[in-house]
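To keep things clear, I will list the structure first and then write my remarks on it.
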Number of protein chains: 2
Amino acid sequence: MKIGELAKKSGCKVVTIRYYEKEGLLPTPERTEGNYRLYGPKDLERLDFIMHCREHGMRPSEIRKLLLFRDTPQRDCTWVANLVDAHIADVDARIASLEHLKKHLERLRGTCGGEREGEVCGIMRSLDDRSCCASCGRQSILR
Amino acid sequence: MKIGELAKKSGCKVVTIRYYEKEGLLPTPERTEGNYRLYGPKDLERLDFIMHCREHGMRPSEIRKLLLFRDTPQRDCTWVANLVDAHIADVDARIASLEHLKKHLERLRGTCGGEREGEVCGIMRSLDDRSCCASCGRQSILR
DNA sequence: CTTGACTCTATAGTAACTATAGACACTACC
DNA sequence: GGTAGTGTCTATAGTTACTATAGAGTCAAG
(Lines give C-alpha, C1' and ligand atoms only; values in the text may rest on other atoms or scores of the structure.)
Protein backbone atom coordinates (compact mmCIF):
# COMPACT_ATOMS: atom_id res chain seq x y z
CA MET A 1 0.00 0.00 0.00
CA LYS A 2 1.04 3.59 -0.53
CA ILE A 3 1.58 6.15 2.18
CA GLY A 4 -1.92 7.60 1.95
CA GLU A 5 -3.54 4.26 2.63
CA LEU A 6 -1.19 3.58 5.52
CA ALA A 7 -2.08 6.98 6.90
CA LYS A 8 -5.80 6.28 6.67
CA LYS A 9 -5.52 2.84 8.23
CA SER A 10 -3.29 3.97 11.09
CA GLY A 11 -4.84 7.35 11.75
CA CYS A 12 -1.40 8.90 11.43
CA LYS A 13 -0.83 11.82 9.08
CA VAL A 14 1.18 11.31 5.92
CA VAL A 15 3.76 13.91 6.90
CA THR A 16 4.13 12.33 10.31
CA ILE A 17 4.81 8.93 8.75
CA ARG A 18 7.59 10.45 6.68
CA TYR A 19 8.84 12.18 9.82
CA TYR A 20 8.94 8.88 11.70
CA GLU A 21 10.89 7.35 8.86
CA LYS A 22 13.43 10.12 8.99
CA GLU A 23 13.67 9.70 12.76
CA GLY A 24 14.30 5.99 12.37
CA LEU A 25 11.08 4.79 14.01
CA LEU A 26 9.90 3.30 10.74
CA PRO A 27 12.23 1.44 8.34
CA THR A 28 12.98 2.96 4.95
CA PRO A 29 10.34 1.34 2.77
CA GLU A 30 10.60 -0.05 -0.73
CA ARG A 31 9.68 2.24 -3.57
CA THR A 32 7.56 1.83 -6.67
CA GLU A 33 8.96 2.67 -10.10
CA GLY A 34 7.53 6.14 -9.64
CA ASN A 35 9.45 6.54 -6.36
CA TYR A 36 6.38 6.13 -4.15
CA ARG A 37 6.83 4.53 -0.75
CA LEU A 38 5.43 1.00 -0.52
CA TYR A 39 4.24 -0.44 2.78
CA GLY A 40 3.10 -3.85 3.94
CA PRO A 41 1.06 -5.14 6.88
CA LYS A 42 4.20 -5.28 9.07
CA ASP A 43 4.60 -1.55 8.65
CA LEU A 44 1.01 -0.95 9.67
CA GLU A 45 1.52 -3.04 12.79
CA ARG A 46 4.64 -1.13 13.65
CA LEU A 47 2.96 2.19 13.10
CA ASP A 48 0.00 1.09 15.20
CA PHE A 49 2.43 0.22 17.96
CA ILE A 50 3.99 3.66 17.66
CA MET A 51 0.62 5.38 17.69
CA HIS A 52 -0.40 3.39 20.70
CA CYS A 53 2.73 4.38 22.59
CA ARG A 54 2.16 7.97 21.58
CA GLU A 55 -1.38 7.83 22.91
CA HIS A 56 0.14 6.75 26.17
CA GLY A 57 2.09 9.97 26.24
CA MET A 58 5.43 8.46 25.37
CA ARG A 59 7.97 10.50 23.51
CA PRO A 60 9.72 9.27 20.36
CA SER A 61 12.90 8.68 22.35
CA GLU A 62 11.05 6.25 24.62
CA ILE A 63 9.20 4.72 21.71
CA ARG A 64 12.49 4.20 19.95
CA LYS A 65 13.75 2.12 22.90
CA LEU A 66 10.57 0.06 22.96
CA LEU A 67 10.82 -0.57 19.24
CA LEU A 68 14.37 -1.75 19.68
CA PHE A 69 13.15 -4.17 22.32
CA ARG A 70 10.36 -5.22 20.01
CA ASP A 71 12.85 -5.91 17.23
CA THR A 72 15.16 -7.97 19.44
CA PRO A 73 13.00 -9.36 22.23
CA GLN A 74 14.70 -10.63 25.35
CA ARG A 75 13.46 -12.79 28.14
CA ASP A 76 13.96 -10.10 30.73
CA CYS A 77 11.46 -7.32 30.33
CA THR A 78 12.24 -5.68 33.66
CA TRP A 79 13.32 -2.45 32.09
CA VAL A 80 10.12 -2.25 30.06
CA ALA A 81 8.17 -2.40 33.29
CA ASN A 82 10.58 0.14 34.77
CA LEU A 83 10.01 2.45 31.85
CA VAL A 84 6.26 2.29 32.35
CA ASP A 85 6.72 2.81 36.08
CA ALA A 86 8.86 5.87 35.48
CA HIS A 87 6.27 7.11 33.07
CA ILE A 88 3.51 6.69 35.62
CA ALA A 89 5.61 8.51 38.21
CA ASP A 90 6.11 11.32 35.76
CA VAL A 91 2.39 11.57 35.05
CA ASP A 92 1.77 11.58 38.79
CA ALA A 93 4.20 14.43 39.28
CA ARG A 94 2.56 16.41 36.51
CA ILE A 95 -0.87 15.87 38.04
CA ALA A 96 0.38 17.00 41.45
CA SER A 97 1.97 20.06 39.90
CA LEU A 98 -1.23 20.96 38.10
CA GLU A 99 -3.32 20.43 41.24
CA HIS A 100 -1.03 22.81 43.05
CA LEU A 101 -1.22 25.29 40.23
CA LYS A 102 -5.01 25.04 40.28
CA LYS A 103 -5.11 25.93 43.97
CA HIS A 104 -3.03 28.99 43.25
CA LEU A 105 -5.23 30.02 40.38
CA GLU A 106 -8.35 29.63 42.48
CA ARG A 107 -6.83 31.73 45.22
CA LEU A 108 -5.85 34.28 42.61
CA ARG A 109 -9.37 34.19 41.19
CA GLY A 110 -10.78 34.80 44.64
CA THR A 111 -8.94 38.09 44.99
CA CYS A 112 -11.10 39.65 42.28
CA GLY A 113 -13.53 41.95 44.04
CA GLY A 114 -15.63 42.56 40.95
CA GLU A 115 -16.07 45.92 39.28
CA ARG A 116 -15.33 48.67 41.77
CA GLU A 117 -14.98 52.36 41.10
CA GLY A 118 -11.47 53.70 41.32
CA GLU A 119 -9.97 50.49 42.65
CA VAL A 120 -7.39 48.38 40.99
CA CYS A 121 -8.49 44.86 40.04
CA GLY A 122 -7.71 42.47 42.85
CA ILE A 123 -6.30 39.87 40.49
CA MET A 124 -3.88 42.38 39.03
CA ARG A 125 -2.87 43.45 42.51
CA SER A 126 -2.25 39.84 43.48
CA LEU A 127 -0.16 39.32 40.39
CA ASP A 128 1.82 42.38 41.37
CA ASP A 129 2.47 41.61 45.01
CA ARG A 130 2.37 37.78 45.01
CA SER A 131 -0.05 37.85 47.94
CA CYS A 132 -1.85 34.84 46.46
CA CYS A 133 1.37 32.85 46.79
CA ALA A 134 2.23 33.92 50.32
CA SER A 135 1.20 30.62 51.88
CA CYS A 136 3.66 28.66 49.75
CA GLY A 137 6.73 30.69 50.54
CA ARG A 138 9.15 31.45 47.79
CA GLN A 139 9.40 28.11 46.07
CA SER A 140 8.17 27.72 42.54
CA ILE A 141 4.60 26.72 41.83
CA LEU A 142 5.28 24.60 38.79
CA ARG A 143 7.26 21.42 38.11
CA MET B 1 21.15 48.30 37.31
CA LYS B 2 22.58 46.14 34.54
CA ILE B 3 20.97 43.02 33.12
CA GLY B 4 22.90 40.63 35.37
CA GLU B 5 21.65 42.32 38.51
CA LEU B 6 18.08 42.36 37.21
CA ALA B 7 18.43 38.65 36.43
CA LYS B 8 19.67 37.91 39.94
CA LYS B 9 16.96 39.95 41.63
CA SER B 10 14.13 38.55 39.53
CA GLY B 11 15.31 34.98 39.24
CA CYS B 12 14.99 35.22 35.48
CA LYS B 13 17.90 34.32 33.23
CA VAL B 14 19.77 37.00 31.36
CA VAL B 15 18.99 35.48 27.97
CA THR B 16 15.31 35.23 28.87
CA ILE B 17 15.20 38.91 29.79
CA ARG B 18 16.59 39.79 26.38
CA TYR B 19 14.08 37.40 24.84
CA TYR B 20 11.21 39.12 26.66
CA GLU B 21 12.43 42.45 25.41
CA LYS B 22 12.47 41.18 21.84
CA GLU B 23 8.96 39.81 22.33
CA GLY B 24 7.73 43.15 23.60
CA LEU B 25 6.98 42.05 27.16
CA LEU B 26 9.69 44.34 28.49
CA PRO B 27 10.31 47.84 27.12
CA THR B 28 13.54 48.61 25.30
CA PRO B 29 15.73 49.90 28.10
CA GLU B 30 18.17 52.79 28.12
CA ARG B 31 21.79 52.01 27.44
CA THR B 32 25.05 52.99 29.06
CA GLU B 33 27.85 54.54 27.05
CA GLY B 34 29.21 51.05 26.57
CA ASN B 35 25.87 49.87 25.13
CA TYR B 36 24.84 47.94 28.25
CA ARG B 37 21.14 47.74 29.05
CA LEU B 38 20.13 49.86 32.06
CA TYR B 39 17.15 48.94 34.22
CA GLY B 40 15.27 50.64 37.05
CA PRO B 41 12.94 49.42 39.83
CA LYS B 42 9.93 49.69 37.49
CA ASP B 43 11.52 47.12 35.21
CA LEU B 44 12.09 44.76 38.11
CA GLU B 45 8.44 45.11 39.12
CA ARG B 46 7.32 44.40 35.59
CA LEU B 47 9.59 41.39 35.31
CA ASP B 48 8.38 40.12 38.69
CA PHE B 49 4.85 40.40 37.37
CA ILE B 50 5.81 38.44 34.27
CA MET B 51 7.58 35.77 36.32
CA HIS B 52 4.59 35.49 38.58
CA CYS B 53 2.24 35.02 35.64
CA ARG B 54 4.64 32.45 34.21
CA GLU B 55 4.65 30.57 37.48
CA HIS B 56 0.89 30.42 37.14
CA GLY B 57 1.34 28.61 33.88
CA MET B 58 0.40 31.50 31.64
CA ARG B 59 1.85 31.79 28.20
CA PRO B 60 3.55 34.94 26.92
CA SER B 61 0.50 35.68 24.75
CA GLU B 62 -1.69 35.80 27.86
CA ILE B 63 0.91 37.69 29.83
CA ARG B 64 1.11 40.21 27.04
CA LYS B 65 -2.63 40.91 27.40
CA LEU B 66 -2.35 41.27 31.15
CA LEU B 67 0.56 43.66 30.77
CA LEU B 68 -1.47 45.75 28.38
CA PHE B 69 -4.22 45.90 30.99
CA ARG B 70 -1.65 46.77 33.60
CA ASP B 71 -0.35 49.60 31.46
CA THR B 72 -3.81 51.05 30.83
CA PRO B 73 -5.99 49.94 33.74
CA GLN B 74 -9.75 50.06 33.32
CA ARG B 75 -12.53 49.91 35.85
CA ASP B 76 -13.99 46.75 34.39
CA CYS B 77 -11.78 43.78 35.05
CA THR B 78 -14.32 41.18 33.98
CA TRP B 79 -12.12 39.80 31.24
CA VAL B 80 -9.19 39.43 33.61
CA ALA B 81 -11.39 37.21 35.77
CA ASN B 82 -12.56 35.41 32.63
CA LEU B 83 -8.99 34.82 31.58
CA VAL B 84 -8.19 33.26 34.94
CA ASP B 85 -11.38 31.20 34.77
CA ALA B 86 -10.48 29.91 31.32
CA HIS B 87 -7.03 29.13 32.60
CA ILE B 88 -8.45 27.14 35.51
CA ALA B 89 -10.73 25.25 33.13
CA ASP B 90 -7.73 24.44 30.97
CA VAL B 91 -5.74 23.17 33.94
CA ASP B 92 -8.75 21.08 34.94
CA ALA B 93 -8.93 19.52 31.51
CA ARG B 94 -5.24 18.73 31.58
CA ILE B 95 -5.57 17.08 34.97
CA ALA B 96 -8.51 14.98 33.77
CA SER B 97 -6.58 13.95 30.70
CA LEU B 98 -3.57 12.94 32.78
CA GLU B 99 -5.77 10.99 35.23
CA HIS B 100 -7.19 9.08 32.31
CA LEU B 101 -3.75 8.47 30.91
CA LYS B 102 -2.60 7.25 34.31
CA LYS B 103 -5.38 4.66 34.41
CA HIS B 104 -4.30 3.39 31.03
CA LEU B 105 -0.69 3.21 32.07
CA GLU B 106 -1.57 1.32 35.23
CA ARG B 107 -3.61 -1.13 33.25
CA LEU B 108 -0.74 -1.49 30.83
CA ARG B 109 1.65 -1.98 33.72
CA GLY B 110 -0.60 -4.71 35.09
CA THR B 111 -0.25 -6.79 31.94
CA CYS B 112 3.41 -7.47 32.72
CA GLY B 113 3.63 -11.02 33.91
CA GLY B 114 7.22 -10.74 35.08
CA GLU B 115 10.11 -12.62 33.61
CA ARG B 116 8.81 -15.75 31.95
CA GLU B 117 10.74 -18.18 29.82
CA GLY B 118 9.90 -18.08 26.14
CA GLU B 119 6.99 -15.71 26.53
CA VAL B 120 6.65 -12.26 25.11
CA CYS B 121 6.46 -9.45 27.64
CA GLY B 122 2.84 -8.71 28.48
CA ILE B 123 3.39 -4.99 28.22
CA MET B 124 4.78 -5.32 24.74
CA ARG B 125 1.87 -7.53 23.78
CA SER B 126 -0.58 -4.96 25.12
CA LEU B 127 1.16 -2.23 23.17
CA ASP B 128 0.81 -4.42 20.11
CA ASP B 129 -2.83 -5.38 20.38
CA ARG B 130 -4.27 -2.45 22.32
CA SER B 131 -5.92 -4.83 24.76
CA CYS B 132 -5.21 -2.41 27.57
CA CYS B 133 -7.37 0.17 25.82
CA ALA B 134 -10.27 -2.11 24.99
CA SER B 135 -12.54 -0.68 27.66
CA CYS B 136 -12.29 2.81 26.22
CA GLY B 137 -13.22 1.96 22.67
CA ARG B 138 -11.36 3.66 19.88
CA GLN B 139 -11.30 7.23 21.10
CA SER B 140 -8.03 8.88 21.91
CA ILE B 141 -6.59 8.66 25.40
CA LEU B 142 -5.00 12.08 25.44
CA ARG B 143 -6.27 15.67 25.21
C1' DC C 1 -4.59 14.87 -23.33
C1' DT C 2 -5.89 17.06 -19.54
C1' DT C 3 -7.74 17.25 -14.92
C1' DG C 4 -7.35 16.13 -10.21
C1' DA C 5 -5.69 13.51 -6.53
C1' DC C 6 -1.70 11.71 -4.68
C1' DT C 7 3.14 11.68 -3.84
C1' DC C 8 7.96 13.39 -3.82
C1' DT C 9 11.91 16.46 -1.68
C1' DA C 10 13.58 20.23 0.79
C1' DT C 11 12.97 23.99 3.66
C1' DA C 12 10.93 26.78 7.12
C1' DG C 13 7.74 27.57 10.88
C1' DT C 14 5.73 26.56 15.67
C1' DA C 15 6.40 27.80 21.32
C1' DA C 16 9.23 29.42 24.59
C1' DC C 17 13.01 29.57 25.32
C1' DT C 18 18.36 27.75 25.47
C1' DA C 19 22.96 27.41 23.65
C1' DT C 20 26.74 28.94 20.98
C1' DA C 21 30.26 31.98 18.70
C1' DG C 22 32.86 35.85 18.42
C1' DA C 23 33.40 40.56 19.79
C1' DC C 24 33.33 44.46 22.99
C1' DA C 25 33.22 46.71 27.95
C1' DC C 26 34.61 47.07 32.45
C1' DT C 27 37.14 46.16 36.84
C1' DA C 28 41.01 44.53 39.54
C1' DC C 29 45.53 43.48 40.04
C1' DC C 30 50.64 43.71 38.97
C1' DG D 1 50.13 50.53 31.11
C1' DG D 2 49.16 45.60 30.38
C1' DT D 3 46.37 41.67 31.15
C1' DA D 4 43.24 38.38 33.22
C1' DG D 5 38.58 37.55 34.34
C1' DT D 6 33.91 38.59 34.30
C1' DG D 7 29.93 40.65 32.26
C1' DT D 8 27.63 42.12 28.25
C1' DC D 9 26.63 42.65 23.24
C1' DT D 10 24.56 40.73 18.62
C1' DA D 11 23.24 37.20 15.64
C1' DT D 12 22.33 32.64 14.66
C1' DA D 13 21.12 27.94 15.46
C1' DG D 14 19.30 24.25 18.37
C1' DT D 15 15.51 22.10 21.19
C1' DT D 16 10.75 18.77 20.69
C1' DA D 17 7.55 16.66 17.87
C1' DC D 18 5.77 17.67 14.61
C1' DT D 19 3.13 20.98 10.86
C1' DA D 20 3.01 23.91 6.80
C1' DT D 21 4.62 25.39 2.45
C1' DA D 22 6.61 25.43 -2.31
C1' DG D 23 7.44 23.45 -6.45
C1' DA D 24 7.82 19.30 -9.07
C1' DG D 25 6.77 14.62 -10.47
C1' DT D 26 3.33 10.32 -10.86
C1' DC D 27 -0.78 8.07 -11.80
C1' DA D 28 -5.71 6.86 -12.93
C1' DA D 29 -9.94 8.39 -15.00
C1' DG D 30 -12.63 10.84 -18.36
What is the distance from CD of A/Glu21 to C1' of C/dA10, rounded to the nearest Å? 14 Å

d(CG, B/Leu26; C1', C/dC17) in whole Å: 14 Å

Sort me out a list of protein N/O and nucleotides 26-30 of chain D N/O pairs below 3.5 Å, or just none if empty.
from: D/dT26; atom 1: O4'; to: A/Tyr36; atom 2: OH; distance (Å): 3.3
from: D/dT26; atom 1: O2; to: A/Tyr36; atom 2: OH; distance (Å): 3.0
from: D/dC27; atom 1: OP1; to: A/Gly34; atom 2: N; distance (Å): 3.3

Enter the distance from B/Lys65:NZ to B/Arg59:CZ here, rounded to the nearest 0.5 Å. 8.5 Å

What closest approach, in Å, do B/Leu47 and B/Tyr20 show between heavy atoms, and which atom pair accounts for it? CD1-CD1, 4.0 Å

If you apply the rule side-chain contact (heavy atoms from CB on, under 4.5 Å), what do you find for A/Leu127 with B/Arg70, and how did you get there? CA-CA 10 Å; A/Leu127 284 170; B/Arg70 199 176 111 107; over 6 Å; no

In whole angstrom, what separates B/Tyr39's OH from D/dG7's C1'? 14 Å

Check the distance between D/dG25's C1' and A/Arg31's CZ and give it to me in whole angstrom. 13 Å

Nearest-0.5 Å distance that lies between atom CE in A/Met51 and atom CZ in A/Arg54: 4.5 Å

d(B/Ile123 CD1, A/Leu83 CG) to nearest 0.5 Å is 8.5 Å

Grab the CZ-C1' distance between A/Arg18 and C/dT9 for me, whole Å please. 9 Å

B/Asp43 with B/Lys9: basic N within carboxylate O range, under 4.0 Å: no

OP1, OP2 of C/dT9 versus side-chain N and O of A/Arg37: anything below 4.0 Å? yes

Find the distance B/Glu23:CD to C/dC17:C1' and express it as a whole number of Å. 9 Å

Look for any protein N or O under 3.5 Å of an N or O in nucleotides 14-20 of chain D and output each such pair with its distance, or none.
from: D/dC18; atom 1: OP1; to: A/Arg54; atom 2: NH1; distance (Å): 2.8
from: D/dC18; atom 1: OP2; to: A/Tyr20; atom 2: OH; distance (Å): 3.2
from: D/dT19; atom 1: OP2; to: A/Thr16; atom 2: OG1; distance (Å): 2.9

Pairwise distance CG(B/Leu44) to CZ(B/Phe49) - rounded to 0.5 angstrom: 14.0 Å

Roughly how far apart are B/Leu25 CG and B/Tyr19 OH, rounded to 0.5 Å? 7.5 Å

Using whole Å, what does the distance between atom P of nucleotide C/dC17 and atom CD1 of B/Ile50 come to? 10 Å

Looking at CG of B/Asp90 and CD1 of B/Ile95, how far apart are the two atoms once the value is rounded to the nearest 0.5 Å? 10.0 Å

Rounding to an integer number of Å, can you tell me how far B/Leu38 CG sits from D/dG7 C1'? 14 Å

